[in-house]
Amino acid sequence: MNTYTYEEISIGHKESFRVIVTEADRDKFREITGDINPLHNDIEYAKSMGHERCVAFGMLTASYLSTLAGVYLPGRNSLIQKTEVNFRKPVYVGDELTITGEVTDKSDTFNVITVKVEIINQDNVKVCKGKMEIAVQKEG
């Protein structure tokens, strides 16, 4: 886990990590949220909607942005203030995702960083993009 302070972060700072979306992740997310939409759970329905297989939950994909902030950028000192997400392409179980954040702005008044985020799959296809505002808390 990173422990960047506000002062240690500069515009252009980048962090990324990889994750493989598993069936267990999908099942746990469904259990936690209660989202039983057949697009995520019924292969025949997903195919009838033009997908090759069941689509992973979009918010499961977006939840990796919490890991980006809470573990990588800035890490332990993070407090997410705002997240904007645009889902561009579906994610499927078995996809390997690379989650990347790059600092594009800093607000010295509130110790907040703005981070451009993107998630790409193993085929280098951007499946999600967005922006986060993250407060970098001072260590107590």
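Along the sequence shown, residues carry numbers from 1.
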Give a yes-or-no answer on whether the side chains of Glu96 and Asn121 include a donor-acceptor pair shorter than 3.5 Å.
no
Hydrophobic cluster of Val112, others only, ordered by chain and residue number, side-chain cut-off 4.5 Å
Phe110
Roughly how far, to the nearest 0.5 Å, is the OG1 atom of Thr61 from the CG atom of Asp95?
8.5 Å
Separation of Asp35 CG from Leu60 CG (nearest 0.5 Å)
11.0 Å
Below 3.5 Å, can you tabulate the donor-acceptor pairs from side chains in residues 18-29 to any protein atom, sequence neighbours excluded?
residue: Arg18; atom: NE; partner: Thr98; partner atom: OG1; Å: 3.2
residue: Thr22; atom: OG1; partner: Ala24; partner atom: N; Å: 3.4
residue: Thr22; atom: OG1; partner: Asp25; partner atom: N; Å: 3.0
residue: Thr22; atom: OG1; partner: Asp25; partner atom: OD1; Å: 3.3
residue: Thr22; atom: OG1; partner: Asp25; partner atom: OD2; Å: 3.0
residue: Asp25; atom: OD2; partner: Thr22; partner atom: N; Å: 3.2
residue: Asp27; atom: OD1; partner: Arg30; partner atom: NH2; Å: 2.8

Atom pairs and distances, donor-acceptor, side-chain atoms in residues 43-58, under 3.5 Å, two or more places apart:
residue: Ser48; atom: OG; partner: Tyr45; partner atom: O; Å: 2.6
residue: His51; atom: ND1; partner: Tyr92; partner atom: OH; Å: 3.1
residue: Arg53; atom: NH2; partner: Val93; partner atom: O; Å: 3.3

Just grab all the salt bridge (charged side-chain N to carboxylate O under 4.0 Å, His left out) pairs involving residues 120-134, residues at least two apart or on different chains.
Glu118-Lys126
Ile9 CD1 to Asn77 CG distance, which is reported to the nearest 0.5 Å:
8.5 Å
Can you find a pair of side-chain heavy atoms, one from Val71 and one from Asn2, that are under 4.5 Å apart?
no
Is Ile32 isolated, or which residues cluster with it under the ILVMFWY side-chain rule of less than 4.5 Å, directly or via members?
none
Does some side-chain heavy atom of Gln81 sit less than 4.5 Å from a side-chain heavy atom of Ile134?
no
Working to the nearest 0.5 Å, report the span between CD1 of Ile113 and OG of Ser10.
10.5 Å
Please enumerate all residues that pass side-chain contact (heavy atoms from CB on, under 4.5 Å) together with Glu102, with sequence neighbours excluded.
Lys14, Lys116
Run Val91 and Leu97 through side chain to side chain contact (heavy atoms under 4.5 Å, CB included) and show every step you take.
CA-CA 9 Å; Val91 171; Leu97 304 177; 4.1 Å; yes
Leu39 reachable from Val127 in the ILVMFWY side-chain graph, under 4.5 Å edges
no
Taking only residues two or more places apart in sequence, or in another chain, which ones meet Asn124 in a side-chain contact (heavy atoms from CB on, under 4.5 Å)?
Ile120
Distance in Å, Ser66 OG paired with Ile99 CD1, rounded so as to fall on 0.5 Å steps
11.5 Å
Considering residues at least two apart in sequence or located in another chain, which fulfil the side-chain hydrogen bond (donor to acceptor under 3.5 Å, both in side chains) criterion with Glu15?
Tyr4, His13
Taking side-chain contact (heavy atoms from CB on, under 4.5 Å) as the definition, give me every residue that meets it alongside Phe87, ordered by chain and number, with sequence neighbours left out.
Met59, Ala62, Val85, Cys128
Which pairs with one or both residues in residues 104-115 pass side-chain hydrogen bond (donor to acceptor under 3.5 Å, both in side chains), sequence neighbours excluded?
Tyr6-Asp108
Taking side-chain hydrogen bond (donor to acceptor under 3.5 Å, both in side chains) as the test, write out the residues that go with Glu8, two or more places apart.
Thr5
Can you list every pair that meets salt bridge (charged side-chain N to carboxylate O under 4.0 Å, His left out) and has a residue in residues 72-93, with sequence neighbours left out?
Arg76-Glu139, Lys82-Glu84
